[in-house]
Amino acid sequence: MPSDLVIVYHRQPYEEVVKDGQTVFHENKSPNGIVPTLKSFFGNVDKGAWIAWKEAKDPANPDFQRTVEIDDSFGRYSVSRLPLTPEQISSFYHVTSKEAFWPILHSFKEKYNYDPVDWPTFREVNWAFAEAAAAEASDGAMVWVHDYNLWLVPGYLRQLRPDLRISFYHHTPFPAADMFNVLPWRREIVESLLASDIVGFHIPRYAANFVSVARSLFDVNVSKREQVAPELISDGTALVERSIPTEIEHRGRHIAVSASPVGVDVDYIGERADSRETEKKVDVIRRELGDSRLILSVSRTDYTKGGIDQLLAYERLLERRPELHGKIRLMHVSVSANRSMTAYESIQNEIEQAAGRINGRYGSFEWQPLALISTAVPFKHLVAYYRAADIAWITPLADGMNLVAKEYVASRTDLDGILVLSEFAGAAVEMSSAVITNPFSTRSMDSAIDQALAMVPAERQERMKALRSTISKYDLRAWAREQQRLFDEVRGPEKSRSAA
Ligand code: GDG
């Protein structure tokens, strides 16, 4: 049965477990994160489809289960798993997406690695995703494509199935034209994105950048421009835009450009944070800490997350303020997802070296100033650390949104805790009540952590209240509602998307 909604996302939407030789598919254990929200859209259609990839050493192996039918609490949907060889995965994902696109998207020109890119393989894999989506989609269905590693899918889909509605959502930043146009494949990528009906981003700046890139490459006109909602204007911070193009026209087609920040499930995280189980874990953490205050930093290990700069700021703090020795601890969670890749291996080594140096220089038998955690912490424990932390120190150099900052605030139903947040995280445009810092400035990093350490309870509470109010307004449900509104707008039969 064809599907009215096809989601194209590289990750599979369930946990796959082999039990007694049988493969079983479970709903993800944690309802946290974006995948359950995406699946919730299947509740609005008769049947949904999801396209992802799965490694297959031999794609021709007849035992490879290409399609999985799921009927769970989210509805009925099928999952098409594209069999990709390890070589294809390495070329399409690890090399082209992570070594060429990722640095440019996050404005790290010096990390950009062009030489090993095998463009025909990138095209081939994107074509396979497009073909799989086209095979599943009903007449006029909505196909919702996620993230930069599938940039060519909208263009291919438009060729294969001109009847489809296509929405493309970016989870990363989208840089300015002088940065994006470093990519030699820029015209092909942007032409493909312009084949969508909707191109979505987290924040207005990325949407504005996309439009300026499109205008630098093609004859694109802005047909609608709107003021940005006041809550998304964190005054004076780096990523703020006051108005953005919301519709552009290219070759007679109108394309909606949207900026809607992904949020978190504030109620779910709040309930977890208030649970008896979390309370017990918080007691254990607090006992372990004694009189020390806890500063918490959580991220994937990635040069964009600014781990090294933060550790250097912590080292300066211990050097500048000896009175804090024995009184604070930094828990630096830096989870390595891609240790096999050279870029990530070296950053992990640098982090380990800096952490070792700090503990060696300032630690004693009784006091370790820093705990470095490199393996994933289960979410229920993470919530307890959020709840126990006096300060969440989130200082990426570039970050599409940063959900950790929002999760921290969602867990603070007690209205305590301080968020120190980089102005280069997309989240900063709505979280103006955080202590905002510029991670490229040692002075700003130093004064922000000093300000946080000195903050009195009344100010902490006032700021936390304001932060909770914005993240509740822009929670995961609000994001889903906005996506649905956009889908309905482009789907409406009375509204032809072709320009007259
Ligand atoms: C990309 C964009 C954008 C982290 N450590 C552990 C753990 N986490 C979970 C957090 C959070 C998620 O991972 C990280 O999300 P972020 O948004 O902070 O960052 P990216 O992974 O880089 O995500 C980003 C996002 O897409 C959404 O569009 O915001 O800018 O880069 O949910 O809780 N979870 C567990 N243990 C850990 O140790 N269980």
Side-chain angles (χ1 to χ4, degrees), residues 9-11 15 28-38 97-98 101-108 144-149 168-175 200-203 205-206 239 258-266 268-269 272-273 278 281 296-307 331-338 344 347 371-387 389 392-411 419 421-422 424-431 471 474-476 479-480 482-483:
Y9 190 77
H10 70 274
R11 274 168 54 196
E15 283 171 23
N28 299 57
K29 270 194 220 100
S30 161
N32 186 48
I34 201 165
V35 168
T37 304
L38 299 185
S97 301
K98 287 290 178 192
F101 296 164
W102 183 263
I104 293 302
L105 287 166
H106 292 83
S107 301
F108 278 80
W144 196 8
V145 188
H146 289 263
D147 246 355
Y148 61 98
N149 40 53
F168 192 100
Y169 192 84
H170 283 91
H171 292 266
T172 63
F174 201 93
F201 302 88
H202 282 300
I203 60 166
R205 166 65 56 80
Y206 309 153
L239 298 182
S258 100
S260 47
V262 166
V264 297
D265 189 336
V266 179
Y268 168 75
I269 296 172
R272 273 231 70 95
T278 303
K281 174 83 182 159
L296 176 67
S297 164
V298 179
S299 64
R300 271 186 309 100
T301 307
D302 193 308
Y303 49 85
T304 60
K305 301 284 184 183
M331 176 169 164
H332 191 93
V333 181
S334 184
V335 182
S336 192
N338 268 311
Y344 293 101
I347 181 86
L372 174 65
I373 318 279
S374 308
T375 47
V377 181
F379 190 72
K380 60 180 183 189
H381 291 169
L382 201 55
V383 171
Y385 286 110
Y386 287 152
R387 194 59 182 248
W393 203 14
I394 318 264
T395 54
L397 304 173
D399 211 339
M401 173 53 52
N402 194 297
L403 296 181
V404 171
K406 292 184 171 183
E407 290 168 1
Y408 176 68
V409 171
S411 76
L419 174 64
L421 181 62
S422 160
F424 294 98
V429 302
E430 60 189 287
M431 300 183 93
I471 64 146
Y474 288 98
D475 69 355
L476 206 41
W479 180 78
E482 176 58 9
Q483 305 310 308

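Just follow the structure's listing: the first ligand is 1, and inside any ligand the first atom is 1. Starting from 1, each residue takes its place in the sequence as its number.
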Whether Tyr303 side chain and Ile347 backbone form a donor-acceptor pair below 3.5 Å: no

Ligand-side contact atoms (ligand 1) for residue partner Glu407, heavy atom cut-off under 4.0 Å: 10 (C), 11 (C), 32 (O), 33 (O)

For ligand 1, the portion of Arg300 having any non-hydrogen atom under 4.0 Å away: side chain

Gly400 neighbourhood, listing ligand 1 atoms whose heavy-atom distance to it stays under 4.0 Å: 30 (O)

For ligand 1, the portion of Leu382 having any non-hydrogen atom under 4.0 Å away: side chain

Proximal atoms of ligand 1 relative to Val335 (non-hydrogen, under 4.0 Å): 38 (O)

Proximity of Val377 to ligand 1 by residue part, where a heavy atom lies under 4.0 Å: both

Between OH on residue Tyr385 and CE on residue Met331, distance to nearest 0.5 Å: 4.5 Å

Whether Ser336 side chain and Thr301 backbone form a donor-acceptor pair below 3.5 Å: no

Numbered atoms and elements of ligand 1 in range of Val298, under 4.0 angstrom, heavy atoms: 4 (C), 5 (N)

His381 touching ligand 1 at heavy-atom level, < 4.0 angstrom: no

Donor-acceptor contact present, side-chain Thr278 to main-chain Arg272, <3.5 Å: yes

Main-chain N/O of Thr304 paired with Asp302 side-chain donor or acceptor, under 3.5 Å: yes

Ligand 1 contact by Thr172, heavy-atom criterion under 4.0 angstrom: no

Under 3.5 Å: N/O of Asp399 near N/O of ligand 1: yes

Modelled atom types, side-chain donor and acceptor of Tyr148 and His171, under 3.5 Å: no

Lys406 and Glu430 ion-paired at < 4.0 Å: yes

